[in-house]
Visitor: 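Before we start, here is the structure in question, set down as structure tokens.
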Amino acid sequence: MFSELKDKFSSVADRRIETLFDKTRVAIFCAETDGLFFDYSKTNIDLETLDKLFEIVKNTSVLDKRDAMFSGEKINVSENRAVLHTVLRKSSGQVFVDGEDVMPAVLETRTRIFNFAEAVRTGKIRGQGGVYTDVVNIGIGGSDLGPAMAYLALQPYVTGPKCHYVSNIDGAQIHDVLADLNPETTLIIVASKTFTTIETLTNAKTAFSWMSNIVSEPATQFVALSSAKEKTSEFGIPDNHLFGFEDWVGGRYSLWGPIGLSLVIAIGKEHFCDFLNGGFSMDDHFQNSKINKNLPIILALIGIWHAQIGGHTTRAVLPYEQRLSRLPAYLQQLEMESNGKGVGIEGEELLTTSGPIVWGEPGTNGQHAFYQLIHQGTHVVPCEFMIAKQSHESHLKHHHELLQANCLAQSQALMSGRNIAAARTMAASAGFVGKELERQAHQMVFQGNRPSTTLVYQKLTPFCLGQIIALYEHRVFVEGVILGINSFDQWGVELGKDLATKLSPVLAGREPATQYDLSTQNLITKLCSK
Ligand code: F6P
């Protein structure tokens with residue numbers, strides 16, 4: 001697979017990216033939609049390569065699968081489900097699953113969510129002690145990362161109660177969060193699609209008993225976001241406090257619907273609608289713009305060029321935006337749970353590497369931590385920079401100018417590096433001579449020629465956040481189709497869950513450890529000894 005492109009990659013490996021810049025390059029190696037501008041001129045992709053990459057899209061089922069996804073076909077074949085998180089961002093039209101139009105139910109649930117959130121915000125719905133001051137969202141994975149990331153990203157729009165996010169089964173987290181809260185004015189949201197996730201149920205029970213000590217009817221201060229109605233009522237959550245969604249919304253794609261409730265409570269329905277509209281705008285762009293100007297397709301092809309063709313196994317997401325500090329974690333689930341698979345759709349072994357390892361931190365913090373390796377280490381890490389034209393803090397304009405300068409400086413340094421001649425001049429001006437000058441100069445060489453892309457957006461508004469998230473969702477989708485992966489199941493997380501359930505009574509001393517391998521037995525002994 002990709003053999004021609006792999007040959008091309010090797011043949012241009014030593015070519016300097018800078019030599020590709022003629023008068024037309026910056027105008028060609030970019031794409032734009034609704035205020036988002038994506039530059040990929042600082043990659044070692046030339047026009048011939050670009051054509052070949054676009055050929056991949058034409059020769060695979062990307063466009064057919066895209067249309068199948070939007071129209072409600074069951075493209076998640078291993079679970080026999082449609083993939084319709086895109087419906088959650090629509091406000092009209094019809095989409096059929098098993099012969100039934102799903103839009104009316106989506107719109108009805110959205111209205112219920114908006115009404116509930118508005119009532120919480122205005123104090124019409126309140127706790128035993130009065131207006132809700134705090135909301136605790138208990139969930140994990142897709143039931144946590146999306147709302148937690150977006151709540152932080154959209155802080156300038158938060159006008160509702162304070163939201164807190166508890167995900168880890170480590171009791172330290174729920175302990176620390178609840179320690180500062182008043183049970184009488186706290187709303188607990190239990191977010192779990194399946195309502196079987198042990199972390200979430202354990203935390204929910206802990207929160208319930210914390211509340212029961214003070215509040216006479218704790219269930220009235222609980223809300224469930226789930227597809228499992230029977231299980232939520234078994235837990236004791238009243239039906240009018242359940243906001244459901246269908247199995248065609250994957251956990252890591254669920255922020256747009258009920259799982260976004262804490263965000264709606266925090267920012268209000270108008271801003272949440274802007275967020276949905278941003279996602280919808282990207283859906284429209286993905287469906288209707290030409291392949292060679294289609295942002296999700298271009299991002300996916302660059303990803304494939306670097307990972308599967310070039311063999312760079314990781315990529316860094318580097319938002320120069322402190323409020324996007326949870327975006328890399330969010331994208332880790334989105335990308336790695338979706339495409340971290342070694343088996344194709346038909347159960348065949350993948351003939352290429354799976355989706356890459358995704359990681360990152362906001363700039364400029366990352367610069368003072370791991371950028372050393374990005375610049376001078378032996379691994380090539382393709383970097384995806386993100387930067388706003390404007391910040392929300394207009395009174396701190398000089399901060400933003402420095403932030404932008406740092407972002408551009410990094411992509412420039414990655415591409416251009418510093419050659420030995422320049423390093424020698426630097427060493428000489430620092431007073432070094434002879435052998436010591438040579439030794440010092442070699443430490444200061446940056447090979448450069450390291451690829452990066454830059455996404456520029458106007459300002460981190462709800463609309464813009466919606467665009468960015470949908471952009472990455474569709475990028476993951478396109479990469480998955482090209483690799484022949486089903487991006488919508490996640491069998492890789494199941495085995496560990498099973499084993500943990502079996503190990504729990506062993507650690508509690510209720511069952512013997514003898515069935516385990518010697519290393520695990522030894523660790524059990526260490527953990528259980530006084
Ligand atoms: O980690 C696996 C996973 O199934 C994710 O896909 C999902 O987002 C998370 O667990 C939480 O699942 P649930 O919402 O059902 O509690």
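For reference, positions follow the sequence shown, starting with 1. All ligand and atom numbering here is 1-based and tracks the order in the structure. Not measured: the values here are computed from a predicted model.
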Visitor: Applying a 4.0 Å heavy-atom criterion (strictly less than), which segment of Thr194 is in contact with ligand 1: side chain, backbone, both, or neither?
Guide: both
Visitor: In terms of atom number and element, which parts of ligand 1 are under 4.0 angstrom from non-hydrogen atoms of Ser192?
Guide: 13 (P), 14 (O), 15 (O), 16 (O)
Visitor: Who's the nearest protein heavy-atom neighbour of atom 12 (O) of ligand 1, and how far?
Guide: Thr197 OG1, 3.5 Å
Visitor: Do Tyr132 and Glu184 have side-chain N/O donor and acceptor atoms under 3.5 Å apart?
Guide: no
Visitor: Quick one: salt bridge (charged side-chain N to carboxylate O under 4.0 Å, His left out) partners of Arg81, sequence neighbours excluded?
Guide: Glu79, Asp247
Visitor: Ion pair present between Glu473 and Arg89, side-chain N to carboxylate O less than 4.0 angstrom?
Guide: yes
Visitor: Which option out of Gly142, Gly139, Ser338, Gly251 puts a heavy atom nearest to atom 8 (O) of ligand 1?
Guide: Gly142
Visitor: Just jot down the salt bridge (charged side-chain N to carboxylate O under 4.0 Å, His left out) partners of Glu479, sequence neighbours excluded, or say none.
Guide: Arg315, Arg475
Visitor: Among protein heavy atoms, which sits nearest to atom 5 (C) of ligand 1, and what does the distance come to when rounded to 0.1 Å?
Guide: Glu337 OE1, 3.4 Å
Visitor: To check your reading of the model: name the closest protein heavy atom to atom 9 (C) of ligand 1, its residue, and the distance in Å.
Guide: Ile140 O, 3.6 Å
Visitor: Tell me, with the steps shown, if Gln173 and Asn203 meet side chain to side chain contact (heavy atoms under 4.5 Å, CB included).
Guide: CA-CA 9 Å; Gln173 192 183 20; Asn203 280 322; 5.5 Å; no
Visitor: Starting from atom 10 (O) of ligand 1, what is the nearest protein heavy atom, named by residue and atom, and what distance separates them?
Guide: Lys497 NZ, 4.4 Å
Visitor: Out of curiosity, is Glu199 lining ligand 1, as in a heavy atom under 4.0 Å away?
Guide: no
Visitor: Could you tell me whether the side chain of Arg323 and the main chain of Leu460 form a donor-acceptor pair under 3.5 Å?
Guide: no
Visitor: For atom 2 (C) of ligand 1, what is the closest protein heavy atom, and at what distance to 0.1 Å?
Guide: Val493 CG2, 3.4 Å
Visitor: Check whether the ring centres of His392 and Tyr157 lie less than 6.0 Å apart, and answer yes or no.
Guide: yes
